[in-house]
Amino acid sequence: MELRSRIGQGYLVVSVAGRLDTGTAPEFESKCQAWLNEGNVRVILDLSGLEYISSAGLRSVISTAKRAKGGGGALILSGATGLVQEVLAVSGFDRLLPTFGSVENALDSLA
Amino acid sequence: MPEPVSLRHYPADVDFVPAAVAETLSAVDRVGLLDEVRAVRLELALEEVLVNVCRHAYRDQRAPRGEKEFAVEVRALPDRLEVSKEDSGRAFDPTTLSPPDTDASLDERLVGGLGIHLVRSMVDGIEYRRDGERNRLTLTMVVGAAATGG
């Protein structure tokens, strides 16, 4: 898993690439929590480089979303394709959280 | 029933799940009946099943570490591919669990309960059997003309 973050238009854009599974979900969750604790509660998750997500990955996403909401912000999903898009759909995550085709689409819509 | 094309045993420890999944998927790949999209669905379902075994199957048992194991078997049949998992943990039939409420709001949404839902969603069939002291769970992927990818 590769994790990168940048600030864009008032949002923290977190790019997660590779696999978000039992092995990598704890690191994802703790990094996101650290960023949220720094006050970055408006988060766009860029999933365009993510190839695989398991239920452990989904749990880390939902925990992060709850923390963001608790801090007065929100977690927004973007860029999912293939298996990741399919998993988000069957789990209802694309109805649970604001979901966009790309980070750019998200920023345009939220501006 | 044909002989398995692959049968391997592993300690019931999540550290062994990545190897178990990778070796099983290599065997599936060698059989050559699943396209990439369906192979990765099977991979996800298998990971969920195996993590569940390692986390829960032996939780109440004081068996020596060496006896806490699972086996994964791959069988190629004319119309389907079967991947079976066996363990000697407590009897557990995941096919009877009710699905999570995927329409719940963020506040109501529970953090767990998604694994078996994903398994059901990713494979064409799932069957549980208690064989004596063994749990046997078989994941089925239809192959050939009846298979639907995409």
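Predicted model, so just to flag it, every value in this text is computed and none were measured. Chain A is the first sequence line, chain B the second, and so forth, proteins listed ahead of strands; every chain is numbered from 1.
Across B:T102, B:L114, B:L106, a single residue satisfies side-chain contact (heavy atoms from CB on, under 4.5 Å) together with A:F93, and that is B:L114.
Across all their heavy atoms, A:S55 and B:L118 have their closest contact at N-CD1, 3.7 Å.
Heavy atoms of A:I53 lying under 4.5 Å from chain B belong exclusively to its backbone.
Connection of A:L47 to A:L12 is established within a shared hydrophobic cluster, with ILVMFWY side chains joined at heavy-atom distances below 4.5 Å, either directly or through further cluster members. There is a path of hydrophobic side-chain contacts, each under 4.5 Å, that joins B:I116 to B:M141. Hydrophobic clustering of Ile, Leu, Val, Met, Phe, Trp and Tyr side chains at less than 4.5 Å, counting indirect connections, unites A:L96 with A:L36. Cluster annotation: A:L110 is not connected to A:V43 through the hydrophobic network of ILVMFWY side chains, with a link wherever side-chain heavy atoms come within less than 4.5 Å. Taking hydrophobic clusters as Ile, Leu, Val, Met, Phe, Trp and Tyr residues chained together by side-chain heavy-atom distances below 4.5 Å, A:V13 does not share a cluster with A:V41.
Taken from CZ in A:R95 to OG in B:S105, the straight-line distance is 12.5 Å, to the nearest 0.5 Å.
Contact residues of residues 43-56 of chain B toward chain A are B:E43, B:L44, B:E47, B:E48, B:V51, B:R55 (heavy-atom distance under 4.5 Å).
No more than 12 heavy-atom neighbours from other residues, nucleotides or ligands sit within 6.0 angstrom of CZ on A:R4.
Residues A:V90 and B:R120 form no side-chain contact, since every pair of their non-hydrogen atoms from C-beta on lies 4.5 Å or further apart. Side chains of A:E51 and B:V40 form no contact here, defined as non-hydrogen atoms less than 4.5 Å apart.
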